[in-house]
Amino acid sequence: MRVIVCVPVYDGFASVERCLAALAAAPVHAEFRVVIINDASPDPRIAPMLNAFALANPRMQVRHNGINRGFTWNVNQAFAAASIDEHVCLLNSDTLVTSNWLDEMLKCVTVGESVGTVTPFSNNATICTFPDFLRAWPVPDEGERERIARALRERPDAPIDLPTGVGFCMLISAACRAKVGRFDVENFPRGYGEENDFCMRAAAAGFRNVLCPNAYVAHEGGVSFSESTQALMKVGGERLLIKHPTYDAQVSDWIARDPAKARREAIAAALGT
C-alpha cells in the first residue's frame, strides 16, 4: 500500500524542523512519499529549510505557494496529487512521529474496506489523547515517545470506532477519498472543522472513522489562540453544525461511553504510569 503524507506548513520554523527531522528518521516499512506545502510562510528561513530537507530525503517533495491559500486548499492539492490507489495521510507540521507509526495505521485500513479514516493516539488530540483524553499533555521526550509507541505495538488491539478523526494526524483510505471527495474549502477555507466535516461525510457514505490503538504520534499543538483564531474556530463550529446537526450529540455520546478507556488503562499499566 502506498501513501502520500501531506505536511502543510505556515511558519513555526522550529516546530517544522523538528517534525521533518522525526519524519525522516522514524523507521517505517510502508512505501510512502511526503508532499510538503509551504503556504507562503513569511519567515524567510522556512523555504530554504524545506528545500534542504527535500534535497537530503528523496521521499520528500516541496511545493511553495505564491500566495497564502489556507490549510483546506493545501490538503486538496495532496488529494489531487495522489494516484487512485494511494492513501493520504494528513500530518500537522507540529507533530513528532515515532517508529512504525505509519505501518500501524495502515494495518487498520487492512481490517476491511469499511475503514475510511485512521487517527493514532497522541499526547494532545482531544478524544484520541493518551493517557487521559480531553486533556492536552506535554510532549514527551524522544525516549518516552518511543517507549509509549513500543508498548502500543507490542500489545496490539483492534481499531476503536470514533465519531470523527482528529486532523493533527489522520490517514484517509484511497477508497474513502474516491467516494467522499475532497475537503470542503468553501465552508472551511482556513480549516477549523474541515476534517470533522469530511469524517461525517465519510460515515454517511458507509465508512468507519477509527482510532488506531497501536500507533503514537506526539503533537505540540497551539500554546494559545489569538482572537482571530478563536473567531475562525467559532465560525467553523457553526458551519459544521449547519451541515451536520447531530455532530455534537455524537461526540458527546462517545465521550460518555469512552470506548478507548480500557485500552488507555492497559497501556498505562504496562508503562507503569
Restricting to non-hydrogen atoms, name the atom on Phe207 and the atom on Ala175 that form the minimum distance, rounded to 0.1 Å. CZ-O, 3.7 Å

Give a yes or no answer on whether the side chain of Ser173 reaches the backbone of Val109 with a donor-acceptor pair at less than 3.5 Å. no

Arg264 bridged to Asp258 by N-O distance under 4.0 Å: yes

Does the side chain of Leu90 reach to within under 4.5 Å of the side chain of Val88, using non-hydrogen atoms? yes

Please examine the side chains of Tyr10 and Asn74, heavy atoms only from C-beta on, and report whether any two atoms are closer than 4.5 Å. no

Would you indicate whether the side-chain heavy atoms of Asp161 and Pro259 approach each other to under 4.5 Å? no

Leu271 side, atom CG; Arg147 side, atom CZ - distance, nearest 0.5 Å: 4.5 Å

Would you say Thr273's side chain and Ala268's backbone share a donor-acceptor pair under 3.5 angstrom? yes

Greater than 12 external heavy atoms within 6.0 Å of Glu238's CD: yes

Output yes when a side-chain donor or acceptor of Asn51 lies under 3.5 Å from a complementary backbone atom of Ala47, and no otherwise. yes

When clusters are formed by joining ILVMFWY residues with side-chain heavy atoms under 4.5 Å apart, either directly or through shared neighbours, do Tyr247 and Ile127 land in the same one? yes

For Asn209 and Thr164, test the side chains for any donor-to-acceptor distance below 3.5 angstrom and give the result as yes or no. no

Answer yes if the ring centres of Phe79 and Phe183 are under 6.0 angstrom apart, and no otherwise. yes

Could you tell me whether the side chain of Cys169 reaches within less than 4.5 Å of the side chain of Trp101, counting heavy atoms only? yes

Is it true that Phe168 and Leu96 fall in one hydrophobic cluster, defined by side-chain heavy atoms closer than 4.5 Å? no

Verdict with reasoning, Thr117 to Glu195, per side-chain contact (heavy atoms from CB on, under 4.5 Å): CA-CA 10 Å; Thr117 75; Glu195 84 271 21; over 6 Å; no

Verify, without hydrogens or angle tests, whether Arg145 (side chain) and Pro140 (backbone) share a donor-acceptor contact under 3.5 angstrom. yes

Under 4.5 Å between side-chain heavy atoms, hopping through other hydrophobics if needed: is there a path connecting Phe130 to Val139? no

Near Glu142 CD, under 6.0 Å, is it more than 12 heavy atoms from other residues, nucleotides or ligands? no

Where Leu50 and Val62 come nearest, the two heavy atoms and their spacing: O-CG2, 3.4 Å

Using a strict cut-off of less than 4.0 Å between a Lys/Arg side-chain nitrogen and an Asp/Glu carboxylate oxygen, indicate whether Arg201 and Asp197 qualify as a salt bridge. yes

Arg45 NZ/CZ over Phe13 ring centroid, <6.0 Å and within 45° of normal: yes

Rounding to 0.5 Å, atoms SG (Cys128) and CG (Leu162) come to a distance of 4.5 Å

Between Trp73 and Val185 (side chain of the first, backbone of the second, donor and acceptor by atom type, cut-off under 3.5 Å), is there such a pair? no

For Pro213 against Asp157, the heavy-atom pair lying closest together: CG-O, 3.3 Å

Rounded to the nearest 0.5 Å, what separates atom CG in Asn123 from atom CD1 in Ile148? 8.0 Å

For Asn92 and Cys19, which heavy atoms make the closest approach, and how far apart are they? O-SG, 3.6 Å

Return yes if some donor-acceptor pair links the side-chain N/O of Asp11 with the main-chain N/O of Ser41 below 3.5 Å, else return no. no

Got a second to check how far Arg69's CZ is from Arg190's CZ, nearest 0.5 Å? 11.0 Å

His219 and Asp94: side chain donor to acceptor below 3.5 Å: yes

Quick one: closest heavy-atom pair of Pro120 and Ala215, and the distance? CB-O, 3.6 Å

Check Ser83 against Arg33 and note the closest heavy-atom contact, atom names and distance. N-NH2, 4.5 Å

Given the rule that I, L, V, M, F, W and Y join up when any side-chain heavy atoms are under 4.5 Å apart, are Ile4 and Leu171 in one cluster? no

Glu104 CD to Leu152 CG distance, which is reported to the nearest 0.5 Å: 8.5 Å

Considering residues, nucleotides and ligands other than Ile84, do more than 12 of their heavy atoms fall under 6.0 Å from its CD1? no

So, do Arg263 and Arg155 sit near enough that their side-chain heavy atoms are less than 4.5 Å apart? yes

When you measure from the side chain of Asp141 to the backbone N and O of Gly143, does any donor-acceptor pair fall under 3.5 Å? yes

Do Phe121 and Ile267 come close enough that some side-chain heavy atom pair is under 4.5 Å? no

Give the C-alpha distance, both sets of side-chain angles, the deciding distance and a yes or no for side-chain contact (heavy atoms from CB on, under 4.5 Å) between Glu17 and Phe53. CA-CA 9 Å; Glu17 190 171 42; Phe53 266 102; 4.2 Å; yes

Would you please test Val235 and Tyr192 for side-chain contact (heavy atoms from CB on, under 4.5 Å) and show each step? CA-CA 8 Å; Val235 170; Tyr192 307 104; over 6 Å; no

Between Asn124 and Ser122, do the side chains contain an N or O donor and an N or O acceptor separated by less than 3.5 Å? no

Please check if Val7 and Met49 belong to a single hydrophobic cluster, counting links between Ile, Leu, Val, Met, Phe, Trp and Tyr side chain heavy atoms closer than 4.5 Å. yes

Going by distance alone, is a donor N or O of one side chain under 3.5 Å from an acceptor N or O of the other, for Asn100 and Arg150? no

Can Arg239 and Asp184 be said to form a salt bridge (Lys or Arg N to Asp or Glu O under 4.0 Å), step by step? CA-CA 11 Å; Arg239 291 179 177 177; Asp184 183 350; over 6 Å; no

Trace of the side-chain contact (heavy atoms from CB on, under 4.5 Å) decision for Lys243 with Met200: CA-CA 9 Å; Lys243 293 190 69 176; Met200 293 296 285; over 6 Å; no

Is the shortest side-chain heavy-atom distance between Arg63 and Gln77 below 4.5 Å? yes

Is any side-chain heavy atom of Arg153 less than 4.5 Å from a side-chain heavy atom of Asp103? no

At what distance, to the nearest 0.5 angstrom, does CZ of Arg208 lie from SG of Cys176? 12.5 Å

